[in-house]
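We name chains A, B, ... by the order of the sequence lines, and we start the count at 1 in each one.
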Protein chains: 4
Amino acid sequence: MTLTDKHDDCSCPVLGTVTRWARRKDARPGEILDAALDLFVAKGFAATKMNDIAAAAGVTAGTIYRYYDGKEEMLRAIIRDGIGAKLDEGEQLITQFKGTAPELLAMVIRTWWSLIGATRLSGLPKLIISEANNFPELAELHREVVVRRGEAMIAKALQYGVDRGEFRPMPIESTVKVVVAPVLMAMLWKHAPACETGEFNVDEYLEQVIQTLVFGLSLRSA
Amino acid sequence: MTLTDKHDDCSCPVLGTVTRWARRKDARPGEILDAALDLFVAKGFAATKMNDIAAAAGVTAGTIYRYYDGKEEMLRAIIRDGIGAKLDEGEQLITQFKGTAPELLAMVIRTWWSLIGATRLSGLPKLIISEANNFPELAELHREVVVRRGEAMIAKALQYGVDRGEFRPMPIESTVKVVVAPVLMAMLWKHAPACETGEFNVDEYLEQVIQTLVFGLSLRSA
Amino acid sequence: MTLTDKHDDCSCPVLGTVTRWARRKDARPGEILDAALDLFVAKGFAATKMNDIAAAAGVTAGTIYRYYDGKEEMLRAIIRDGIGAKLDEGEQLITQFKGTAPELLAMVIRTWWSLIGATRLSGLPKLIISEANNFPELAELHREVVVRRGEAMIAKALQYGVDRGEFRPMPIESTVKVVVAPVLMAMLWKHAPACETGEFNVDEYLEQVIQTLVFGLSLRSA
Amino acid sequence: MTLTDKHDDCSCPVLGTVTRWARRKDARPGEILDAALDLFVAKGFAATKMNDIAAAAGVTAGTIYRYYDGKEEMLRAIIRDGIGAKLDEGEQLITQFKGTAPELLAMVIRTWWSLIGATRLSGLPKLIISEANNFPELAELHREVVVRRGEAMIAKALQYGVDRGEFRPMPIESTVKVVVAPVLMAMLWKHAPACETGEFNVDEYLEQVIQTLVFGLSLRSA
DNA sequence: AATGAATGAGACTTCATTCAT
DNA sequence: TATGAATGAAGTCTCATTCAT
């Protein structure tokens with residue numbers, strides 16, 4: 001499996017420190033793609049050099065071409081293999097859920113973070129936002145594979161609350177984005193640390209997000 | 001005045017009938033910087049070619065160097081001249097404000113959008129998030145000039161509500177980001193349209209943001 | 001008359017300090033050519049920018065083209081107008097000379113220095129040596145107009161000594177160069193001060209040159 | 001070893017049959033630097049194009065950058081690696097010398113020519129004189145590494161003659177330059193053939209230089 | 001006659017990609 | 001299979017020259 005999502009070394013690797021596993025033969029492509037993802041996220045697609053990716057993956061430039069047809073092909077692979085699998089887990093959780101809507105919303109956000117936000121994949125939103133205009137077909141792919149499914153999940157959770165009378169009536173489509181935005185920004189801040197002041201306490205932030213959203217969306221009795 | 005913020009076109013002005021070689025000397029720098037901002041935001045710094053900027057500004061590449069020392073210098077100028085002036089207006093509004101905290105919060109967000117979000121400057125967050133790691137000194141500048149002041153403004157508004165007993169007690173620093181995130185994401189989505197599905201109704205979205213935040217932050221009497 | 005040879009401000013003007021006279025209309029071309037010569041000598045033809053010449057001449061770049069067809073044309077003018085007139089004076093001196101050969105040789109060298117070496121024209125050898133290969137037709141011109149006449153003068157002086165029995169028999173052509181070399185080097189050193197150590201005392205040097213040459217060329221009686 | 005000093009060709013070797021892409025890795029830097037030296041000397045630094053150097057070295061322009069950081073860096077390398085080694089040989093010769101001062105002076109000049117004047121390195125004086133003003137730090141380097149040592153050598157030889165009563169008393173510093181000048185000019189003429197008339201018979205010239213200097217510097221008994 | 005903004009050709013340099021080893 | 005030297009296309013930047021004012 002490529003694009004490994006180990007919780008470990010993902011602390012905004014602007015430079016170097018891409019850990020390499022035991023050199024199993026079949027790990028090569030994954031290591032290369034991981035290195036590419038890290039660097040694409042950190043520096044952007046155009047500013048990332050094949051030599052840097054190679055060095056970060058512990059190979060030389062020529063080797064990359066045994067596994068991928070070129071730089072753009074790597075980006076394609078990253079987007080393609082990206083988040084899909086995680087969404088499966090998420091959808092299952094929501095479908096099986098039985099508690100209150102606030103509990104569901106909180107769970108969705110927390111799970112989202114632990115499955116994606118805390119992993120290397122957390123860089124994808126930054127990468128896609130930065131490069132979407134340059135690779136429309138990849139943006140399209142991402143929209144179909146990730147955005148639509150992700151928003152559908154959130155919409156389902158919101159509708160669940162509205163149906164149960166726990167959340168106020170709302171224009172679902174817009175409100176989905178209200179829920180999504182704070183989590184996405186957390187991922188973006190994580191990978192552009194130079195954009196915020198002081199230390200960013202993600203956990204405290206996410207709890208405030210949850211609390212604010214839950215109460216902000218709840219139906220007020222009066 | 002550079003980085004003009006006309007509400008109208010943010011759509012790469014190809015500049016139809018230009019009085020070639022007229023006494024445009026004083027207008028040129030602004031036009032060039034506007035073109036550069038648009039393209040940096042749309043395609044990223046590295047992927048933007050000087051020729052593209054020149055064409056968008058209605059000149060040839062060589063001309064740009066009469067006004068700016070190079071590509072990076074233009075980026076510097078963009079960040080430097082960027083949003084500062086707008087923050088002055090914003091700060092004044094908050095200081096003079098006399099109404100309720102929810103009204104204040106709503107006003108801040110709406111003003112933020114009309115002064116920045118609806119203008120060409122709305123691209124800056126995308127640009128800075130994308131390039132911060134590549135130009136640490138610019139990120140630092142932006143942090144000092146924009147982020148710190150912007151967050152201070154929001155913090156002031158929140159504190160205003162807490163002091164008046166309208167907002168619940170809250171960890172201000174984290175909650176500031178909860179307020180900021182949805183507006184920033186609106187700017188990002190605006191400039192990476194390929195990242196969201198369907199039509200994005202910004203006004204409806206912002207109203208939902210305001211409503212959710214206001215109620216989500218309000219002190220519940222019971 | 002262009003290429004003025006004032007003894008004054010000619011102290012290796014690597015940068016600036018090109019004095020400008022009262023702005024008589026007809027002085028323009030000369031001032032420009034003087035500035036060009038100084039800069040060509042100091043920095044080389046290719047490394048000299050038209051803007052620098054213009055600035056040194058107290059005009060703007062466009063103005064130069066009223067007087068000269070371009071950069072190369074200026075170089076041509078410099079070589080063409082160069083040293084010719086001075087050689088007339090020199091030839092006359094030698095022809096009229098009546099004293100001993102050593103006296104003649106000493107006079108030639110001293111006159112050479114005062115008429116050319118001490119003036120702005122002293123830069124020409126450096127310029128021509130540096131650029132000869134890039135402008136063969138100019139080298140040819142210089143050869144015809146300056147070198148041949150100059151060497152003929154020295155040859156005449158040497159022959160004068162040999163005929164009078166004061167100088168030893170010698171291969172005139174080669175020995176001419178032995179006489180010429182130390183004076184040319186003095187001019188080169190003057191314009192490439194970075195090439196020699198300490199202070200270069202030209203007068204002491206030239207006296208040693210004269211003394212060494214005179215005795216080195218004299219017929220020894222024994 | 002770079003800056004090869006084969007006595008044979010100093011004539012821009014277009015390099016006939018090159019084993020393209022063979023294991024030339026270790027030879028390349030030297031070939032490139034040789035080509036660069038030849039062209040810098042022939043045309044000047046600014047007028048020499050990287051493409052020309054590359055072509056002369058049998059590679060493409062891009063290849064040069066695998067070995068040198070840029071054009072200026074090549075110039076630096078040329079000056080740095082230049083003549084140093086040759087001076088070692090020269091110094092040893094002088095120190096060990098046991099004969100008469102005239103013999104020593106003649107030997108120094110002849111050795112100088114065979115070790116440097118007859119090789120590709122003979123172009124360095126022209127290069128340095130031409131570019132010294134544009135690269136002060138390189139001129140400084142050359143002064144320290146070459147000029148000072150070279151002049152010290154000549155001074156030693158002259159002092160040797162004075163001490164032995166073979167040479168007349170003299171201001172050593174100035175007289176050193178009198179000795180140096182004719183040899184330097186020979187090198188310059190060699191690389192600016194367009195600057196002298198007819199054929200330049202270097203050997204005959206140097207013999208005249210030696211003879212003139214030796215007698216010109218000798219102590220006259222009477 | 002002079003200006004200096006603008007041009008456009010051409011230089012230096014970078015880097016994704018190839019391919020002999 | 002991996003390497004890394006080499007390529008060549010493409011981008012940034014410079015500057016001699018032009019020309020409307």
Side-chain angles (χ1 to χ4, degrees), chain A residues 23 25 28 45-55 58-74, chain B residues 18-29 46-54 57-74, chain C residues 25 28 45-55 57-74, chain D residues 18-29 46-54 57-74:
Chain A
R23 187 56 56 82
K25 266 289 146 71
R28 270 287 150 72
F45 178 80
T48 297
K49 293 172 231 172
M50 290 298 268
N51 274 337
D52 294 343
I53 297 174
V59 298
T60 54
T63 303
I64 295 181
Y65 290 84
R66 295 228 159 260
Y67 300 102
Y68 301 98
D69 274 348
K71 203 172 157 186
E72 200 168 329
E73 173 60 25
M74 300 181 71
Chain B
V18 179
T19 317
R20 233 176 87 118
W21 220 97
R23 183 86 318 152
R24 308 192 51 68
K25 178 194 149 197
D26 41 358
R28 276 284 145 72
T48 298
K49 291 168 244 173
M50 291 301 271
N51 274 337
D52 295 342
I53 299 175
V59 297
T60 57
T63 300
I64 297 181
Y65 292 86
R66 185 163 296 283
Y67 301 101
Y68 300 97
D69 274 347
K71 206 171 153 186
E72 199 169 327
E73 176 59 26
M74 298 181 72
Chain C
K25 266 286 145 74
R28 270 287 152 74
F45 178 80
T48 297
K49 293 172 232 173
M50 291 298 270
N51 274 337
D52 293 343
I53 297 174
V59 298
T60 54
T63 302
I64 295 182
Y65 290 84
R66 294 229 158 261
Y67 300 101
Y68 301 98
D69 273 348
K71 202 171 157 186
E72 200 168 327
E73 173 60 26
M74 300 181 71
Chain D
V18 180
T19 318
R20 232 175 89 118
W21 221 96
R23 182 83 319 147
R24 308 192 51 68
K25 179 195 148 197
D26 40 358
R28 276 283 144 73
T48 298
K49 292 169 242 172
M50 291 299 269
N51 275 337
D52 295 342
I53 299 175
V59 296
T60 57
T63 301
I64 296 180
Y65 291 85
R66 184 163 296 284
Y67 301 100
Y68 300 97
D69 275 347
K71 204 171 154 187
E72 200 169 326
E73 175 60 26
M74 298 181 71

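As rounded to whole Å, 14 Å separates atom P of E/dT13 from atom CG of D/D52. The nearest whole Å value for the distance from the CE atom in B/M50 to the P atom in E/dC12 is 19 Å. Atom pair D/N51:CG and E/dT13:P shows a separation of 11 Å (rounding to whole Å applied). The distance between atom CE of C/M74 and atom P of F/dA16, rounded to the nearest whole Å, is 11 Å. Atom NZ in D/K49 sits about 9 Å away from atom P in E/dG10, given to the nearest Å. The nearest whole Å value for the distance from the CD atom in A/E73 to the P atom in E/dT17 is 11 Å. The distance between atom CZ of B/R28 and atom P of E/dT7, rounded to the nearest whole Å, is 7 Å. Taking atom CD1 of residue D/I53 and atom P of nucleotide E/dC12, one finds them 8 Å apart after rounding to whole Å.
Note: B/R28 CZ to B/T63 OG1 = 7.0 Å, rounded to the nearest 0.5 Å. Note that CD1 of B/I53 is 4.5 Å distant from CE of B/M74, once rounded to the nearest 0.5 Å.
Counting all heavy atoms, side chain and backbone alike, D/A46 lies closest to C/A47 at CB-N, 4.2 Å. For the pair D/Y68 and D/P29, the tightest heavy-atom approach, listed with the atom from each and the gap, is OH-O, 3.1 Å. Taking all atoms of both residues into account, the shortest heavy-atom contact from D/N51 to D/A61 is OD1-CB, 3.2 Å.
Nearest-nucleotide mapping onto DNA chain F: of A/A61 and B/A61, the residue sitting toward the 5' end is A/A61. Comparing D/D69 and B/G62 along DNA chain E, the residue whose closest nucleotide (by nearest heavy atom) sits nearer the 5' end is B/G62. Remark on DNA chain E: of its neighbouring residues B/T60 and A/E72, the 5'-side contact belongs to B/T60, judged by nearest-heavy-atom nucleotide.
For the OP1/OP2 pair of E/dA6 and a distance below 4.0 Å, the side-chain nitrogens and oxygens of B/Y67 include at least one atom meeting the criterion. Between F/dC13 and B/Y65, a contact under 4.0 Å exists linking OP1 or OP2 to a side-chain N or O.
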For DNA chain F, please output the secondary structure as dot-bracket, reading 5' to 3'. Pairs are Watson-Crick or G-U wobble, both atom distances under 3.5 Å; mark crossing pairs with [ ], other-strand partners with |, unpaired with a dot.
.||||||||||||||||||||
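The side chain of B/K71 lies closest to F/dC13 when the candidates are F/dC13, F/dT3, F/dA16. Distance from the side chain of B/T63 is smallest for E/dT7 among the nucleotides E/dT7, E/dA2, F/dT3.
For C/R66 against E/dA2, a side-chain N or O and a base N or O form a donor-acceptor pair under 3.5 Å.
Residue pairs meeting the salt bridge (Lys or Arg N to Asp or Glu O under 4.0 Å) criterion with at least one partner in residues 63-73 of chain B, sequence neighbours excluded, are B/E72-B/R76, B/E73-B/R76, B/E73-B/R80.
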